[in-house]
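Remarks on the structure that follows.
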Amino acid sequence: MDEADTTNGLSAGRRPARILYLVRRFHALAHARLESITRAYDMTPAEFTMLSLVAGIGPCSSAEIARRASITPQAVTQQINQLEGKGLLLRRENPSNRRINLIEATSEGRTGLSAINQQADRLEQEFLAAFGEPEQAVIRAFLSQAIT
């Protein structure tokens with residue numbers, strides 16, 4: 001893959017840098033910055049994402065989480081165990097089916113999530129500061145379409 005000139009996005013052959021390359025570089029930068037935010041709350045970006053998902057959908061089964069996150073049930077269980085151990089998620093019996101546990105965010109989990117979201121919003125604003133609203137809409141549309 002071509003290495004891009006970071007000042008103008010051109011590769012050594014003077015063709016525009018590959019979008020795949022630029023997305024990968026942006027992901028690395030954004031992930032590192034998000035990791036520094038989540039670390040202050042004793043979370044990883046993956047744990048933040050899991051907590052966000054659970055808080056957003058409310059009490060749900062681990063199978064529902066796996067479906068929505070497109071990850072294996074084993075990975076979900078591992079993350080739930082980690083977040084439960086930190087007091088950020090809890091499991092309780094489903095009253096309509098005692099064989100299924102419902103997973104939900106604790107008060108401490110929702111508080112940490114809110115604080116991280118505020119800082120993540122500021123980070124996103126920082127990344128998008130050079131773009132007007134129409135350009136931001138195009139970026140969001142491109143990324144949304146690309147991942148579906």
Side-chain angles (χ1 to χ4, degrees), residues 1-12 16-94 100-148:
M1 187 169 299
D2 295 337
E3 297 258 345
D5 177 335
T6 58
T7 58
N8 63 15
L10 296 178
S11 64
R18 292 195 184 279
I19 290 175
L20 295 174
Y21 173 77
L22 296 172
V23 167
R24 184 185 63 78
R25 295 240 353 230
F26 177 75
H27 174 266
L29 172 66
H31 188 271
R33 297 280 302 276
L34 182 60
E35 188 172 38
S36 70
I37 293 169
T38 60
R39 189 179 313 119
Y41 297 89
D42 191 31
M43 271 189 260
T44 66
E47 290 172 336
F48 165 65
T49 300
M50 176 66 65
L51 184 59
S52 296
L53 176 64
V54 172
I57 61 178
C60 58
S61 69
S62 59
E64 176 66 15
I65 295 168
R67 278 191 295 276
R68 289 190 183 220
S70 299
I71 58 177
T72 66
Q74 296 84 359
V76 168
T77 299
Q78 182 180 13
Q79 285 191 336
I80 289 170
N81 288 342
Q82 291 170 339
L83 290 166
E84 186 178 35
K86 294 177 181 183
L88 303 175
L89 288 181
L90 65 87
R91 295 175 221 239
R92 63 179 171 84
E93 190 177 274
N94 184 339
I100 297 174
N101 285 320
L102 295 177
I103 314 302
E104 61 187 305
T106 64
S107 176
E108 182 181 348
R110 287 187 300 275
T111 299
L113 185 59
S114 176
I116 293 171
N117 273 323
Q118 288 176 6
Q119 292 182 48
D121 288 345
R122 285 193 294 274
L123 177 60
E124 188 172 294
Q125 289 170 0
E126 179 184 326
F127 283 137
L128 294 173
F131 303 101
E133 285 298 321
E135 293 165 311
Q136 290 180 28
V138 169
I139 292 167
R140 281 188 177 84
F142 165 73
L143 293 172
S144 295
Q145 185 174 2
I147 63 172
T148 58

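Not measured: the values here are computed from a predicted model.
By the side-chain contact (heavy atoms from CB on, under 4.5 Å) test, Ala46 pairs with Thr44, Gln79, sequence neighbours left out. Checked against side-chain hydrogen bond (donor to acceptor under 3.5 Å, both in side chains), Asp42 has no partners two or more places apart in sequence or in another chain. In this structure Glu108 satisfies the side-chain hydrogen bond (donor to acceptor under 3.5 Å, both in side chains) test with no other residue, sequence neighbours excluded. The side-chain contact (heavy atoms from CB on, under 4.5 Å) check on Ala55 picks up Ala105, Leu113, with sequence neighbours excluded. Evaluation of the side-chain hydrogen bond (donor to acceptor under 3.5 Å, both in side chains) rule for Gln119 yields Tyr41 as partners, not counting sequence neighbours. Thr72 meets the side-chain contact (heavy atoms from CB on, under 4.5 Å) test with Gln74, Ala75; sequence neighbours excluded. Residues forming a side-chain hydrogen bond (donor to acceptor under 3.5 Å, both in side chains) with Asn117 (at least two apart in sequence, or on another chain): none. A search for salt bridge (Lys or Arg N to Asp or Glu O under 4.0 Å) contacts involving Arg33 returns Glu126, not counting sequence neighbours.
Across all their heavy atoms, Leu34 and Pro45 have their closest contact at CD2-CB, 4.0 Å. Across all non-hydrogen atoms, the minimal contact from Ile100 to Ser61 is CG2-CB, 3.7 Å. Heavy atoms only, all atoms of each residue included: Ile65 and Cys60 are closest at CG1-SG, 3.5 Å.
To the nearest 0.5 Å, atom CD of residue Gln78 and atom CD1 of residue Ile71 are 9.5 Å apart. For the atom pair Leu90 CG and Ile80 CD1, the distance stands at 11.0 Å (nearest 0.5 Å). If you take CD1 on Ile116 and CG on Leu123, they are separated by 12.5 Å, rounding to the nearest 0.5 Å. Between the CG atom in Leu89 and the CG atom in Leu83 there is a gap of 4.5 Å [rounded to 0.5 Å]. Rounding to the nearest 0.5 angstrom, the gap separating the CG atom in Asn101 from the CD atom in Glu93 is 7.5 Å. In this structure, Ser107 OG and Leu88 CG are separated by 10.5 Å, a value rounded to the nearest 0.5 Å.
The neighbour count for Ile19 CD1, taken as heavy atoms of other residues, nucleotides or ligands under 6.0 Å away, does not exceed 12.
Residue pairs meeting the salt bridge (charged side-chain N to carboxylate O under 4.0 Å, His left out) criterion with at least one partner in residues 130-142, sequence neighbours excluded, are Glu124-Arg140. The ring pair (Phe, Tyr, Trp, His ring centres under 6.0 Å) pairs that include a residue from residues 105-143 are Phe26-Phe127, where partners are two or more places apart or lie in different chains. Residue pairs meeting the side chain to side chain donor-acceptor pair (under 3.5 Å) criterion with at least one member in residues 46-56, sequence neighbours excluded, are Glu47-Lys86. Judged as a salt bridge (charged side-chain N to carboxylate O under 4.0 Å, His left out), the pairs with a partner in residues 64-82 (not counting sequence neighbours) are, in order, Glu64-Arg67, Glu64-Arg68.
Between the side chain of Thr106 and the backbone N or O of Gly87 there is at least one donor-acceptor pair closer than 3.5 Å. At least one donor-acceptor pair closer than 3.5 Å links the side chain of Thr148 to the backbone N or O of Gln145.
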